[in-house]
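Heads up: the structure comes next, in structure tokens.
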Amino acid sequence: MNLRAARGTRDVLPPEVDRWQRVESVARRTFALYGMQEIRTPIFEDSKVFEKGTGEQSEIVQKEMYRFTDLGGHDLTLRPEGTPPVVRAYLEHRLAEGKDVTKLYYIGPMFRYERPQKGRYRQFHQIGAEAFGSEDPAVDAEVIEMAMYWLQELGVESPTLYINSVGDKDDRPSYMEKLVAAQREHLAELSEDSKKRHEINPLRVFDSKNPRDQAVIEKLPTIIDHLSGGNRDHLDRVCAYLSDWGVEFQLEPRLVRGLDYYRRTVFEITSSALGAQDALLGGGRYDGLVQQMGGKVDAPAVGFASGLERIVLAMPDELPVPSVDCFVVTIDESVRAAGLDVMWRLRHSGIRTTADYQGRSLKAQMRAANRSTAPTVVIIGPDEVASGTFTIKRMSDGQQVSSEIDSLAEDIRTLLASEG
RNA sequence: GUGAGCGUAGCUCAAUUGGUGGAGCACUGGGUUGUGGUCCCAGCGGUUGGGGGUUCGAGUCCCCUCGCUCACCCCA
């Protein structure tokens with residue numbers, strides 16, 4: 001086998017693709033209930049979009065981007081995440097005008113150069129949602145509740161929702177001083193990775209899975225205990241709304257997110273069905289990002305992104321559904337044209353129809369019909385063509401009925417409907 | 001980027017201490033007239049991921065390389 005899908009990419013083949021389509025269609029239907037509209041942004045952007053948006057110091061921009069120069073000398077990047085492009089489009093097209101909140105969602109591939117792993121690919125797919133223009137905790141809660149409702153509609157098994165607040169300019173600087181000081185006391189006990197985190201982004205020490213670090217992490221001050229009055233109140237109200245709406249969650253003081261732009265509310269939904277990459281969905285509030293990306297005034301915003309590969313992994317198995325309703329078989333070459341005519345008629349009557357095109361024996365065609373899982377077969381031979389009456393066979397029980405050419409579609413529908 | 005495990009037919013897996021690479025499933029044809037699934041018979045199918053080395057002889061041992069998987073890391 002010579003040609004293969006590139007490392008970290010994969011093909012989604014027919015049995016599985018049904019699940020993907022379901023995730024997407026349920027998302028569209030659910031998000032619409034919250035007044036969300038779809039936005040489609042380009043797969044690649046000027047690299048500055050991510051340098052300014054994701055953050056020049058972030059791991060993603062530093063080492064994970066598919067970044068290239070095109071033939072015209074432009075510095076471009078395959079999008080590693082969805083939020084910066086949406087913010088760019090929000091500003092470029094002045095989507096805020098005339099609106100209180102602007103609610104957008106996106107679906108599509110993202111690209112990060114990482115070592116592939118269970119639930120982690122170099123081309124992966126996200127569904128994300130963003131609400132711009134309000135800092136009302138009701139909007140935070142609404143976005144979170146929408147995500148949970150969506151996963152519930154998909155039947156995702158026991159998702160766990162974690163919530164925290166990472167503060168903002170009012171309380172973050174003073175907290176960071178305390179955190180850095182506390183980390184410095186235990187620096188020798190920290191892993192090499194965490195020492196680096198301590199230098200670059202001290203908050204992310206909380207993310208370490210290293211057992212050695214855990215002991216230190218236990219002793220570090222948490223930001224939730226150092227929130228300003230306003231930010232504490234904001235978090236409490238988010239939680240209160242969620243409780244009102246029956247959403248179960250856990251307050252996780254050590255939850256921090258990898259992206260630097262989060263302010264105040266952060267959240268994550270995990271599934272035990274996943275393994276090490278257990279985050280199905282993550283997000284939070286990112287007040288300040290709009291201005292950082294060039295907005296004349298800031299628009300507060302909150303949103304999330306979810307990993308489709310991971311959601312599909314966490315969904316329960318389903319029985320495959322037939323992809324066609326009817327399979328047309330022809331006895332011999334003399335009735336081939338009649339078979340094609342019947343197929344054309346059925347399709348234009350809304351019956352999903354296919355056939356075996358190799359001119360094989362009747363037995364072989366029936367085998368193909370059986371394999372196709374088509375619930376019905378129309379059998380066409382010289383007798384049928386002469387009389388204009390065709391035989392419909394129901395595969396589940398072998399029952400056969402005769403049908404005139406003009407009532408074929410209807411009779412097939414009747415047979416399908418009467419099937420348990 | 002770091003570490004570990006694994007690469008044999010389309011799929012799941014066998015192959016004594018190095019000694020002629022097999023099975024099940026799938027696929028194709030047949031089991032007498034124009035009918036699938038179960039059953040029976042037959043058939044197709046592999047440079048054992050690739051390259052080099054050791055050996056009379058390598059799927060098996062050694063080295064390199066590519067890929068897959070899992071974890072670290074990163075994060076959806």
Side-chain angles (χ1 to χ4, degrees), chain A residues 1-8 10 13 23 54 58-65 80-83 106-128 147 191-194 196-197 201 204 207-213 255-259 262 267-271 274-283 303-314 327 329-332 334-335 356 358 360-384 391-400:
Chain A
M1 208 183 294
N2 272 330
L3 265 23
R4 306 174 51 101
R7 183 164 167 80
R10 60 188 289 265
L13 303 173
V23 172
T54 308
S58 67
E59 296 274 343
I60 290 175
V61 172
Q62 291 278 314
K63 348 187 262 207
E64 297 183 353
M65 295 208 302
E81 59 149 339
T83 300
Y106 57 86
I107 299 181
M110 305 292 162
F111 306 84
R112 290 182 204 170
Y113 190 83
E114 298 178 277
R115 249 341 231 281
Q117 199 179 316
K118 185 181 176 75
R120 186 170 81 185
Y121 299 91
R122 290 182 172 179
Q123 176 179 331
F124 61 105
H125 298 77
Q126 290 190 329
I127 294 186
S191 65
E192 289 307 309
D193 281 330
S194 283
K196 278 182 209 148
R197 293 190 184 100
N201 187 348
R204 302 222 56 239
D207 261 342
S208 173
K209 289 180 187 171
N210 188 313
R212 260 181 60 198
D213 291 340
L255 173 67
V256 294
R257 313 233 65 249
L259 268 15
Y262 288 117
F267 60 97
E268 193 167 284
I269 300 173
T270 64
S271 163
L274 253 41
Q277 310 298 319
D278 64 351
L280 287 175
L281 183 151
F304 68 78
S306 68
L308 288 201
E309 283 80 1
R310 296 179 185 180
I311 286 174
V312 168
L313 275 173
F327 198 100
V329 308
T330 48
I331 303 289
D332 59 42
S334 74
V335 294
D356 184 278
Q358 297 175 76
R360 299 192 296 174
S361 70
L362 180 58
K363 181 176 184 151
Q365 290 181 58
M366 286 301 293
R367 231 193 342 262
N370 187 62
R371 200 179 310 136
S372 79
T373 71
T376 63
V377 169
V378 170
I379 299 165
I380 298 171
D383 299 348
E384 282 81 357
T391 302
I392 308 168
K393 175 169 184 161
R394 183 162 64 187
M395 296 299 269
S396 59
D397 59 2
Q399 183 192 335
Q400 300 197 167

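Excluded from the calculations below are hydrogen atoms, water molecules and symmetry mates; all remaining heavy atoms, backbone and side chain alike, are included.
- Summarising the geometry, atom CD1 belonging to A:Ile392 is positioned 10.0 Å from atom CD1 belonging to A:Ile379; distances are rounded to the nearest 0.5 Å.
- Nucleotides B:U54 and B:C62 have their C1' atoms positioned 7 Å apart, rounded to a whole Å.
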Can you check nucleotides 33-37 of chain B for protein contacts, nitrogen or oxygen pairs under 3.5 Å, and list what you find?
unit_1 : atom_1 : unit_2   : atom_2 : d
B:G34  : O6     : A:Asp383 : OD1    : 3.4
B:G34  : O6     : A:Asp383 : OD2    : 2.5
B:G34  : N1     : A:Glu384 : OE1    : 2.9
B:G34  : N1     : A:Glu384 : OE2    : 3.2
B:G34  : N2     : A:Glu384 : OE2    : 2.7
B:U35  : O2     : A:Lys393 : NZ     : 3.0
B:U35  : O2     : A:Gln400 : OE1    : 3.1
B:U35  : N3     : A:Gln400 : OE1    : 2.8
B:U35  : O4     : A:Gln400 : NE2    : 3.4
B:G36  : O2'    : A:Asn370 : ND2    : 3.4
B:G36  : N7     : A:Lys393 : NZ     : 3.2
B:G36  : N1     : A:Met395 : O      : 2.5
B:G36  : N2     : A:Asn370 : OD1    : 3.1
B:G36  : N2     : A:Met395 : O      : 3.0
B:G36  : N3     : A:Asn370 : OD1    : 3.2
B:G37  : O4'    : A:Asn370 : ND2    : 3.2

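- Between the side chain of A:Arg310 and the backbone N or O of A:Gly119 there is at least one donor-acceptor pair closer than 3.5 Å.
- Rounded to whole Å, the P atom of B:C25 lies 39 Å from the corresponding atom of B:C63.
- Here the CD1-CG distance, from A:Ile127 to A:Leu308, works out to 4.5 Å after rounding to the nearest 0.5 Å.
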For nucleotides 67-76 of chain B, just jot down a letter per nucleotide in 5' to 3' order: B, S or -, based on protein non-hydrogen atoms under 4.0 Å. SS-SBBBBBB
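- The OH atom of A:Tyr106 sits 4.5 Å away from the OG1 atom of A:Thr83 when rounded to the nearest 0.5 Å.
- If you take atom C1' in B:U60 and the same atom in B:U55, they sit 13 Å apart, rounded to whole Å.
- When the P atom is used for both B:A76 and B:G5, the distance is 32 Å, rounded to whole Å.
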Using side-chain contact (heavy atoms from CB on, under 4.5 Å), reason through A:Phe327 and A:Asp356 one step at a time and then give a plain yes or no. CA-CA 8 Å; A:Phe327 198 100; A:Asp356 184 278; 4.0 Å; yes
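- Taking the C1' atom of each, B:A58 and B:A15 are spaced 13 Å apart, rounded to whole Å.
- Side-chain contact, A:Asn210 with A:Ser208: no donor N or O sits under 3.5 Å from an acceptor N or O.
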Assess the residue pair A:Gln123 and A:Glu309 against the criterion (side-chain contact (heavy atoms from CB on, under 4.5 Å)); give the C-alpha distance rounded to whole Å, side-chain angles, the decisive distance to 0.1 Å, and a yes or no. CA-CA 10 Å; A:Gln123 176 179 331; A:Glu309 283 80 1; over 6 Å; no
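- Here A:Arg10 lies out of heavy-atom contact (under 4.0 Å) with every strand.
- Between A:Glu59 and A:Lys63 there is a salt bridge, since a side-chain N of the basic residue sits under 4.0 Å from a carboxylate O of the acidic one.
- Rounded to whole Å, the separation between the P atoms of B:A42 and B:U8 comes to 28 Å.
- Closest approach of A:Gly381 and A:Ile331 over heavy atoms only: CA-CG1, 3.3 Å.
- Taken to the nearest 0.5 Å, the CZ atom of A:Arg122 stands 5.0 Å off from the CZ atom of A:Arg7.
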Kindly express the pairing pattern of RNA chain B in dot-bracket notation, using | wherever a base pairs with another strand and counting only Watson-Crick or G-U pairs under 3.5 Å. (((((((..((((.....[..)))).(((((.......))))).....(((((..]....))))))))))))....
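- Across the P atoms, B:U35 and B:C44 are found 28 Å apart, a figure rounded to whole Å.
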